[in-house]
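Beneath this line is the structure, given in structure tokens, with notes to follow.
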Amino acid sequence: MRFSILFTPTLKESPAEAEVVSHKLLLRAGMIRKVAAGIYAFLPLGLRVLRKIENIIREEMDRINAQELLMPALQPADLWKKTERWFQYGPEMMRLKDRNERDFALGPTHEELITDIVMKEVRSYRQLPITLYQIQVKFRDEIRPRFGLMRGREFIMKDAYSFNASIEELKKSYDDMYSAYSRIFTRCGFKFRAVEAASGLIGGKVSQEFMVLAEAGEDTIYYCDTCDYAASQDVATTRLEEPSAEEIKQSEIVRTPNQKSVEEVSSFLGVQAEKIVKTLIYKYGDQLAAVLIRGDRDVNEEKLAQVLGSNDFHLLTGTEWQDYPDLVQGYVGPVGLRGVRLVADNEISVMRNFVVGANKAGAHMINVNVGEDFQVQEWADLKIVKAGDRCPKCKEGALISAKGIEVGHIFQLGTKYSEAMGAMFVDEDGQQKPYIMGCYGIGVSRAVAAAIEQNHDDKGIIWPITIAPYEVSIIVLNYDREEQKKIADSIFDALGSKGVEVAIDDRIESAGKKFADADLIGFPIQVIIGSRTASSGNVEVKIRATGERLEYPLDKAAENIYELVQKLRSEISLEAV
Ligand code: ATP
Ligand code: MG
């Protein structure tokens, strides 16, 4: 590729709208351009990176015998009505009508469509298992499209679906997919972790997310400093302490005028937040739930949604309190509380002699105990864990928290979609059964951004060589000088013929501009050809990631650069997987 004909409009300054590094650098390096909020065009270099990631994905999908197909983005509403998702998906689904007023959606995902295709063709257990995948554009009208490619409204996803005849077969498809994902993200050069995850709206029980570790990540994950436990915040939990050995005391009401928050009560009574139990009142439908949680903890609303069986709930708001005169805002507690569903975080079960609101203005109760002062029927894990909490899996470890970018998600779906759509096969025993399904996504365009979040410096992008737009860039300081042109062209041709992806900066531009662009775009290897090259007989080579500079004799230059390319390629190896 010659820079003189390349369309890569680089920018000196970061556009003001970009908040995160990957967004800034993708714009500055001329790899993407914004069309509308959450909608981007890939320019030639950005597209090359996307294609490289796609190719790694294809190779690893094919390796586990998944077959590629391509479904339409435009999908009839009828299919979505069969599973009720037409009504559940809400405003995130982009909907439209055709000229005959028929409803359509631009696919946010493809479970319905793929199930419809497979159910018409696959009738016997003998034809199972089947895993199909596509790499295709998805549409989701996100509330907050942001961070460039990280959260788009139109984005590229790899989505795969397995159709299995038994749970064991599903587990095998799922495990194959898990190892394929590990290989894919290793080959992309990512530092990542697979974590236990919640399934959300998509259904199913077992699921794991693949998280690229980066500060800009929107997700929080927890992992153990000792064993292999790792979970996303929505499912991460902790091992409870042993029940407190304190002797149970007699509860009593104490005056706490104007002391409502945990901090206020804690300093007023001189007790730690860990000795206080908060009572939070949530409204769901026309019912109320009182959630008990330790004073220093917060409620994870994803976990609460599972317990309440609804996504539609909120903390009682200012004016709503007036509808419930028995509840004293700021002083609600579990003792004597009526007409409210009481759910306690399981950590309360190991606490003794704690403080709660007394259901009277300006008063709290001290030395309260479950069993003595009130009963709990419904225990659940509702807390957001914290770094330092005990690992739930091993005896010794403590949890560490990190920020992550979700680049992949794999689910054991079960029969949710096949049952809803009547997608059946005849099993070995002659019985009609719904397929047991799995679904497996990768955010391909998000992965481009994730790579940059993990690999950059103040000068620009530092691509892992496996996904770089080109592996080597030859920077020719004066391409109009015959001597430099000759050396550069011969290295360019020699590397190209060995299968190296090579670019040549043959523009009539200042040396400064060429160096700055090469660092900004992030080619892993830069080869510098100037007036000194011929006179010294040496070619200068810079490794972008380390800044290391090497000199190769002219007559061996192409060969040595090729070896360096191979070395960098092998450093992103699969040995660790
Ligand atoms: P998120 O929690 O980030 O919204 P999700 O759980 O909705 O993701 P899935 O439905 O599992 O995502 O989609 C599969 C993959 O597609 C995700 O793991 C992620 O990498 C990617 N993805 C999802 N939404 C977007 C988006 N708006 N922009 C870019 N990639 C996305
Ligand atoms: Mg989402």
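Keep in mind that the numbers below use all heavy atoms, side chains included, and drop hydrogens, waters and symmetry copies. Note that ligands are numbered from 1 as they come in the structure, with each ligand's atoms numbered from 1 the same way.
- Few gaps surround CG on Asp98; more than 12 heavy atoms of other groups in view lie less than 6.0 Å from it.
- Screening Lys403, Arg146, Arg144 for a side chain to side chain donor-acceptor pair (under 3.5 Å) with Glu218, the sole residue that qualifies is Arg146.
- A side-chain contact (heavy atoms from CB on, under 4.5 Å) with Lys386 holds for exactly one of Leu399, Asp296, Asp298; it is Asp296.
- For ligand 1, the polar-atom distance check against Arg151 finds a nitrogen or oxygen pair separated by under 3.5 Å.
- The shortest N or O to N or O distance between Arg446 and ligand 1 is under 3.5 Å.
- Counting heavy-atom neighbours within 6.0 Å of Lys172 NZ, excluding the residue itself, gives a total of 12 or less.
- In this structure, Arg48 is positioned above the aromatic face of Tyr470, its NZ or CZ under 6.0 Å from the six-membered ring centre and within 45° of the axis.
- Ligand 1 has no nitrogen or oxygen under 3.5 angstrom from a nitrogen or oxygen of Leu149.
- Applying the 4.0 Å criterion to heavy atoms of Gly408 picks out, from ligand 1, the atoms 18 (O).
- None of Asp389, Asp345, Asn300 except one satisfies the side chain to side chain donor-acceptor pair (under 3.5 Å) rule with Lys383; the exception is Asp345.
- Contact annotation for Glu406 and ligand 1: heavy atoms of both the backbone and the side chain come within less than 4.0 Å of the ligand.
- Counting non-hydrogen atoms of other residues, nucleotides and ligands closer than 6.0 Å to CD1 of Ile143 gives a total of 12 or fewer.
- Proximity of Met150 to ligand 1 is established by a heavy-atom distance of less than 4.0 Å.
- Proximity of the aromatic rings of Tyr125 and Phe425 is defined here by a centroid distance below 6.0 angstrom, and this criterion is not met.
- The ligand atoms of ligand 1 that sit less than 4.0 angstrom from a heavy atom of Glu142 are 24 (N), 26 (C), 27 (N).
- Listed by number with element, the atoms of ligand 1 under 4.0 angstrom from any heavy atom of Val407 are 18 (O), 20 (O).
- Using a 4.0 Å cutoff on heavy atoms, Thr109 does not count as a contact of ligand 1.
- Between atom 30 (N) of ligand 1 and the options Phe139, Phe147, Phe155, the minimum heavy-atom separation is to Phe155.
- Taking distance alone, with nitrogen or oxygen atoms compared against 3.5 Å, Gly152 approaches ligand 1 more closely than that limit.
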